[in-house]
Amino acid sequence: MSTTAELLQQASELFPDEVVTSAHVRHFDLPSGAGRFALITLDNGLDHTKPTTFGPASLANLNTALDQVEKEAADGEIVGVGITGKPFIFAVGADLKGVELLKEHEHALAIGKGGHEVFKRLGALAVPTFAYYNGAAMGGGVEVGLHCSYRTVSKAIPAFSLPEVFLGLVPGWGGCTLLPNLIGADKAVSVIIENSLNQNKQLKGRQVFELGIADAVFEGADFLEQSLIWTAQVLKGEITVERPEIDRGEGWDQAVAKGRFIADSKVHGAAPAAYRALDIIAAAKNADLQQGYDAEDQALADLIMGGELRSGIYAFNLVQKRGKRPAGAPDKNLARPVTKVGVVGAGLMASQLALLFLRRLEVPVVLTDIDQERVDKGVGYVHAEIDKLLGKGRVNQDKANRLKALVTGVLDKAEGFADADFVIEAVFEEIGVKQQVFAEVEAVAPAHAILATNTSSLSVSEMASKLKHPERVVGFHFFNPVAILPLLEIVRGEKTDDASLATAFAVAKKLKKTAVLTKDAPAFVVNRILTRFMGEIQNVIDEGTPVEVAEKAIEPLGLPMSPLVLLELVGPAIGLHVSETLNRAFPDRFTVSPNLKAVVEAGKRGFYVYDSGKPELDPEVAALLKQGDSVLTEEQVRARVLDAVAQEIGLMLDEGVVAEAQDIDLCLITGAGWPFHLGGITPYLDREGVSERVNGKKFLDQGVASVPA
């Protein structure tokens with residue numbers, strides 16, 4: 001038994017639940033008499049929507065297939081070897097379910113070495129090798145192809161990436177070493193660092209070809225057939241693949257420097273994966289391949305045993321699993337059909353909601369407001385957005401016409417909502433206004449219609465308290481921008497019944513939103529945590545800490561934007577309103593900043609101006625600030641803010657605002673863009689010792705977003 005086989009056999013014991021990928025070898029004669037060819041097909045035997053992954057047993061199967069074709073190549077029985085995947089899925093990399101179970105550094109190191117030893121064999125065969133990217137390819141699925149002599153890609157591929165840095169790893173089976181040597185350091189940094197840190201941006205098939213990762217691109221319908229014709233032409237010398245010369249001088253160094261700038265701007269040095277990847281890319285400028293592979297092995301092992309990866313996998317599982325099966329959701333069979341939607345309000349938020357319902361449900365949507373000008377503006381917004389989709393080729397002319405015909409606006413709620421199954425309000429955030437709106441809607445809407453509120457902080461129960469049928473009122477809180485942020489907080493009021501709640505969850509699923517059930521508590525989840533978080537930042541500024549110190553203190557968390565930039569995005573007036581709401585509910589913990597109030601009263605849209613191209617404190621805002629003489633260091637500010645957040649999350653869990661800490665993290669990831677490497681927030685608080693310092697215990701059990709005991 002070979003060393004590689006022994007290594008994989010030992011490692012397979014660490015992956016008890018691996019979905020094993022087979023590697024079938026079949027032979028046929030290439031077109032135009034090019035010779036006998038061996039094709040390896042990766043297939044995990046499940047339906048074609050399930051991803052193919054590489055765990056130890058899967059790598060062993062590929063290794064066995066390579067034993068066979070290696071002998072055939074050496075004996076002159078074949079002229080080339082290809083590797084492809086099952087329909088629509090090439091391979092999506094390492095088996096992360098097994099990786100998160102690893103407890104020892106040496107086991108993690110073995111996984112890295114095992115993948116390298118197998119994949120390297122593709123580049124060492126006595127005949128040319130070809131990767132045919134016929135479907136989604138990520139991580140190790142991309143890397144196995146990088147070891148081949150040539151690559152083709154399908155135009156139909158929806159997702160192609162090296163997402164490891166996004167999760168807290170490095171592309172560790174050749175990606176950091178081979179990709180810059182193939183397409184240059186600048187493009188490689190874009191794929192490995194920039195795309196990963198840009199919310200795991202995916203490449204399409206055409207982009208893969210244009211970057212030079214693939215040597216040819218073909219239509220999806222006959223992709224493999226065309227790839228084999230191309231292969232025959234390459235082997236016969238009729239096609240010569242020419243690749244650009246790689247800049248191994250100043251351009252390489254500039255690319256690495258660009259990558260460090262991107263990493264600093266995204267994670268501020270708080271997450272190690274991007275920097276480890278950049279170190280390997282930098283060394284690949286002059287090092288041989290094996291030195292690069294050894295560096296990848298070491299980085300993989302170190303990061304697998306670190307908190308960032310565990311948090312990344314935890315976050316990934318939250319989004320992919322818990323987000324699709326919401327905790328506490330009622331029986332889906334109780335849901336009622338929704339064939340028409342009403343929207344109360346025609347402002348920007350209401351118009352965004354109307355567009356979303358229209359695109360996802362493709363049912364009639366009717367907007368109302370207090371005057372015809374507002375109604376026309378709302379309908380006009382939806383029409384304009386559909387025209388943009390048409391211009392980008394996202395919809396054809398027939399569908400654009402059909403969608404436009406489905407959206408209308410009226411002043412009379414009785415006319416608009418008499419046959420609506422689902423009515424959502426997006427009016428001014430004041431309880432009396434919302435109660436009045438719901439009373440008007442209840443008087444004209446059918447008895448079965450759901451009455452939903454997009455409130456960000458007000459009580460759903462109080463909103464429904466004056467209705468004859470409060471059981472059909474449900475909170476349906478979206479996050480702005482509606483089309484981008486996935487989270488939808490679904491709020492159960494005191495009297496909301498199961499059928500109404502089930503209908504809300506069914507609609508959320510059709511809207512392609514990540515729905516989380518929350519109790520009817522002030523500001524629900526995201527806004528409550530962010531307001532406590534922002535409140536402490538504002539408190540330390542009010543007390544005397546300079547704005548720049550307070551802002552910089554939070555950088556090690558690697559959040560998508562600084563607190564005051566976030567406040568600008570939300571809007572100071574909205575931030576003030578939510579803080580006032582929470583101050584009334586919890587005056588001992590939530591304050592109302594006099595400086596924030598002054599900024600709002602002055603009509604300022606934020607704390608910063610951008611005249612120089614970067615955020616600088618607005619002199620007019622600086623003149624408004626009244627500060628005390630208590631100045632904290634960055635470390636003191638950070639500790640104070642994290643302690644406050646940990647306390648608030650502990651109280652929310654005690655109150656039953658959500659089922660578990662996992663729901664808190666899911667909300668922050670999908671509703672506020674908090675990074676995967678934090679796992680939301682609770683794994684970070686556990687890892688830094690904040691949870692135990694504040695609450696006397698960790699939020700998560702050992703082994704959840706951490707190394708198993």
Side-chain angles (χ1 to χ4, degrees), residues 345 347-349 425-438 453-466 475-480 489 491 493-494 518-543 545 547 550 562-608 618 621 624-628 640-641 644-645 647-649 651-652 655 657 667-668 671-672:
L348 180 58
M349 189 66 177
E425 67 77 23
V427 300
F428 184 68
E429 193 79 345
E430 202 280 317
I431 192 69
V433 174
K434 291 182 183 288
Q435 286 177 330
Q436 179 183 344
V437 163
F438 271 160
T453 171
N454 185 46
T455 182
S456 60
S457 60
L458 300 177
S459 169
V460 174
S461 301
E462 186 178 356
M463 213 175 293
S465 62
K466 297 183 179 181
F476 217 60
H477 180 216
F478 291 87
F479 290 79
N480 206 7
E489 291 177 338
V491 186
E494 291 177 2
T518 85
K519 182 181 177 181
D520 185 20
F524 318 125
V525 178
V526 172
N527 282 344
R528 179 164 167 182
I529 293 172
L530 289 185
T531 303
R532 185 74 193 275
F533 173 84
M534 297 286 291
E536 288 303 317
I537 294 290
Q538 290 160 355
N539 286 343
V540 300
I541 292 173
D542 292 350
E543 292 163 12
T545 298
V547 169
S562 74
L564 294 184
V565 173
L566 174 62
L567 179 65
E568 184 176 309
L569 179 67
V570 172
I574 294 175
L576 177 64
H577 171 77
V578 176
S579 67
E580 288 173 337
T581 300
L582 283 162
N583 173 254
R584 288 192 292 271
F586 309 113
D588 57 324
R589 301 193 309 279
F590 288 85
T591 58
V592 178
S593 165
N595 281 321
L596 176 59
K597 196 168 185 179
V599 167
V600 172
E601 289 174 350
K604 305 299 292 185
R605 298 180 62 85
F607 277 62
Y608 294 122
D618 184 340
V621 170
L624 292 171
L625 296 182
K626 290 181 170 53
Q627 296 181 279
R640 180 164 159 181
V641 170
V645 170
Q647 180 193 37
E648 202 60 38
I649 292 172
L651 291 168
M652 291 168 69
E655 295 168 18
V657 175
C667 285
L668 287 176

Do the side chains of Glu536 and Val645 get nearer than 4.5 Å, heavy atoms only?
no
If we only count heavy atoms from C-beta on, is the Leu596 to Pro572 side-chain gap below 4.5 Å?
yes
With Arg589 via side-chain contact (heavy atoms from CB on, under 4.5 Å) - residues at least two apart:
Arg528, Arg532, Phe586, Gln647, Glu648, Leu651
Out of curiosity, Ile529 CD1 to Met534 CE, how far, rounded to the nearest 0.5 Å?
14.0 Å
Taking Ile541's backbone N and O only, do any of them form a donor-acceptor pair with Gln627's side chain (distance below 3.5 Å, no angle check)?
yes
Residue pair Gly575 / Leu567: nearest heavy atoms and the distance that separates them
CA-CD1, 4.2 Å
When every non-hydrogen atom of Leu582 is compared with those of Ala523, the smallest separation belongs to CD1-CB, 3.7 Å
What do the steps show when you test Leu564 against Glu568 for side-chain contact (heavy atoms from CB on, under 4.5 Å), and what is the final call?
CA-CA 6 Å; Leu564 294 184; Glu568 184 176 309; over 6 Å; no
Heavy atoms only: give me the nearest Val491-Asp520 pair and the separation to one decimal.
CG1-CA, 3.6 Å
Run the side-chain donor-acceptor check on residues 597-604: report pairs under 3.5 Å with partners two or more places apart or on a different chain.
unit_1, atom_1, unit_2, atom_2, d
Lys604, NZ, Asp618, OD2, 2.9
Lys604, NZ, Glu620, OE1, 2.9

Side-chain (Asn454) to main-chain (Phe478) donor-acceptor, under 3.5 angstrom:
yes
Strictly below 4.0 Å, N to O, side chains only: are Glu655 and Lys519 in salt-bridge contact?
no
A side-chain contact here means heavy atoms from C-beta on lying under 4.5 Å apart; do Ser562 and Val565 qualify?
yes
For the residue pair Leu530 and Ala672, what are the closest heavy atoms and their distance?
CD1-CB, 4.1 Å
Pair Leu625-Phe607, side-chain contact (heavy atoms from CB on, under 4.5 Å): steps then yes or no:
CA-CA 10 Å; Leu625 296 182; Phe607 277 62; 4.1 Å; yes
Would you check if Thr531 and Phe590 make a side-chain contact, meaning some heavy-atom pair closer than 4.5 Å?
yes
Any Asn595 side-chain heavy atom under 4.5 Å of Leu624 side chain
no
Among Glu429, His477, Lys434, Glu489, which one satisfies side chain to side chain donor-acceptor pair (under 3.5 Å) with Thr455?
Glu429
side-chain hydrogen bond (donor to acceptor under 3.5 Å, both in side chains) for Thr591 and Asn583? Distances and angles first, verdict last.
CA-CA 6 Å; Thr591 58; Asn583 173 254; over 6 Å; no
Suppose we screen for side-chain hydrogen bond (donor to acceptor under 3.5 Å, both in side chains). Which residues come up paired with Glu494, at least two apart in sequence or across chains?
none
Is there side-chain contact between Gln435 and Ser465, with at least one heavy-atom pair below 4.5 Å?
yes
Heavy atoms only: give me the nearest Val641-Phe533 pair and the separation to one decimal.
CG1-CD1, 3.4 Å
Minimum heavy-atom distance Phe524-Leu458, with the two atoms named
CZ-O, 3.4 Å
Side chain Asp542, main chain Ser593, donor-acceptor under 3.5 Å:
no
Run the numbers on Val547 and Tyr608 for side-chain contact (heavy atoms from CB on, under 4.5 Å), then give the verdict.
CA-CA 11 Å; Val547 169; Tyr608 294 122; 3.9 Å; yes
